[in-house]
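Keep in mind that what you see is a predicted model, and the values were worked out from it rather than measured. Counting convention: from 1, in listed order, for ligands and their atoms alike.
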Amino acid sequence: MALSCRSWLSNEGGKHLFLLFWLSVNVLLFWKTFRLYYYGTQYYYLHRMLGLGLCISRASASVLNMNCSLVLLPMCRTLLAFLRGSKKVMSRKARRLLDKSKTFHVTCGFTICLFSVVHVAAHMVNALNFSLCYSEDFPALNVAHYRDEDPRRFLFTTLPGVTGFFMVLVLFLMCTSSSYSLRFSNFDVFWYTHNLFIVFYILLLLHVTGGMLKYQANLDQHLPGCINPNKTSIDHFPMSKCPAEPFLEVYTESESGMENNSKKICNEAPKFQSNLQETWFWVTGPLCLYCAERLYRYIRSNKPVTIVSVNSHPCDVIELRMVKENFRARPGQYIVLHCPSVSTFESHPFTLTTSPTENRGTFGIHIRVLGDWTERFRELLLLDPNLDTEILPILQQRTYPKLYIDGPFGSPSEEVFNYEVSLCVAGGIGVTPFASVLNTLLNDWKQYKLRRLYFIWICKEIQSFFWFADLLCILHDKHLSGEKYQALNSRLIIGKPRLKLLFGEIAKCNRQKCVGVFCCGPNKLSKELHKLSNKICSHGTQFEYNKESFS
Ligand SMILES: NC(=O)C1=CN([C@@H]2O[C@H](COP(=O)(O)OP(=O)(O)OC[C@H]3O[C@@H](n4cnc5c(N)ncnc54)[C@H](OP(=O)(O)O)[C@@H]3O)[C@@H](O)[C@H]2O)C=CC1
Ligand code: HEM
């Protein structure tokens, strides 16, 4: 039991701890801001005018500030790839958190949507109260031009109102088009709408320059509650219509000593100033970082690659070999392919199956033709579908379509080399990340921590194994004996692997070790391995689960 807890903690602990920390900061930020506007002496008159709507609108704005700042960071993929590669900078546990970057991005995105609803609702109430609680005494505090003015005026004729309206519209479009089904069926729509994020940020930075909500700047000359000799009552707002609590009930002695002031004479009338714009502090940094990342990626991917060879494999897989000046990549990384002849904006991630080395500049990917984009791409590559293989030296190269790559970007499979023992389970074309790992082990494995690799590849059709038959046999021959492809036969087993039994065997042979479990394939395979990694813990062996994803 203790061991399975240790496995669970090792697999799930980091991400749950990070999520708890992020949640706590959100709650703390909301509560701290709520209290500031509820009890803050400098907001006493504004609170009297707007009531809880003020506190909730400002508290939700604080949460929006933080998440609008965080939402872009997980998408700085080049920065994430650098962090993955810099082993000195982060521990493996910290690097494994990078696998959840897209999940964190979506979480922040949804939080922005949720608190945008809260923020808009609270500001609707504020618009109403600005109108109902128009103050003759403090004209600087008012947003309405006169009492009982139509609150819709603020929403559609002021900068915060108009920018807020369009921000909600953009956010609605971005989120509704981000659903998995729409991204899968019509990536272009997702891409067009999601790139409205730049409009979202421009509107956000304009939104907060409205300066409608004001704080009192001369508390030393006029502490709320003091007596104005020119007025008999201290009620500056039409109490019958205003939502704010009665004067003395809100402020207790411990909060600000308000009662004492009801005997003090005010030295001068209250003066009000617009709040400092915190949003610029929160958002400017990450926005500049992300824009710099996109600019760097644009410049880096602006030069087309040279296609060296195109191989057609069984079961609708094509292998593409390319070369690009100064392109470097680590095994397990992926690139994003963009072919303007197929689609103007649509691009797709593919894991590198061969990475460039010192003595070979080419790199390769294996593409399973599944959807319209890959279908069209194959037609452009293999003009004559009957051609089995077509390897053209660079000089005689046919006119292939222009092809651009973005990346390389990091992925969990890079960690395979950082365990002493690793188990790689591939389902179908999900073998690609491990192909690059195996290719690397062909050359120089001594530099890595990895000393034992278990590799399981599950395919629907036996012909699929021909995608990497050469590689598997060379590996096998290099480390074991056997004729060409004979080796494969001796390791080909018909039927599903008994993963639970396999884990037990691995645990027995690697007592007291931490085994890195890597999966790339169908979700149900991934879920089964994840469950086993959390559960199996015999012989003191721990299984650390790493799900492959284009994070
Ligand atoms: N870097 C990355 O993130 C990459 C991810 N991928 C992903 O990998 C997946 C591969 O798809 P595809 O080639 O169609 O794979 P398949 O759907 O053909 O599945 C491959 C094999 O895995 C078997 N399988 C599925 N679930 C289990 C399980 N729980 N236990 C044992 N065997 C199981 C299947 O058996 P059965 O026939 O019974 O279903 C099938 O024989 C895709 O979802 C793709 O997105 C691919 C490449 C790279
Ligand atoms: C204010 C809110 C949001 C902003 C500013 C934002 C911004 C971005 C940016 C800049 C990217 C990177 C595009 C790239 O470099 O490839 C991105 C990608 C992504 N966003 Fe958002 N997003 C927001 C909300 C959401 C929400 C709510 C969801 C989910 C429902 C979501 C899902 C995604 C996904 C899945 C990707 C990755 C696309 C891919 O690479 O496959 N986003 N987003």
Self-check item: Geometric cation-pi criterion R321 and Y400, 6.0 Å radius, 45° cone
Solution: no
Practice problem: Start with the C-alpha gap between R498 and E505, add the side-chain angles, then the distance that decides, and say whether salt bridge (Lys or Arg N to Asp or Glu O under 4.0 Å) holds. | Solution: CA-CA 11 Å; R498 287 180 292 173; E505 284 304 306; over 6 Å; no
Within the structure, does at least one protein heavy atom fall under 4.0 Å of [atom]?
| atom | answer |
| --- | --- |
| atom 27 (C) of ligand 1 | yes |
| atom 45 (O) of ligand 1 | no |
| atom 20 (C) of ligand 1 | yes |

Quiz prompt | Close approach, S411 and ligand 1, non-hydrogen under 4.0 angstrom | solution = no
Quiz item: Out of curiosity, F115 CZ to L29 CG, how far, rounded to the nearest 0.5 Å?
Solution: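 Going from CZ on F115 over to CG on L29, the span is 9.5 Å.
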Self-check item: Pick from P522, G430, C520: the one approaching atom 5 (C) of ligand 1 most closely through a non-hydrogen atom
Solution: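 Ranked by closest heavy atom to atom 5 (C) of ligand 1, first place is C520.
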Quiz item: Which atoms of ligand 1 sit under 4.0 Å from any heavy atom of G521?
Solution: 8 (O), 9 (C)
Exercise. Could you list the atoms of ligand 1 found under 4.0 angstrom from a heavy atom of C459?
Key: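 Listed by number with element, the hits are 41 (O).
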Quiz item: Quick one: which of K547, R84, R92 gives a salt bridge (Lys or Arg N to Asp or Glu O under 4.0 Å) with D99?
Solution: R84
Practice problem: Using a 4.0 Å heavy-atom threshold (strictly under), name the region of K460 that reaches ligand 1: side chain, backbone, both or neither. | Solution: both
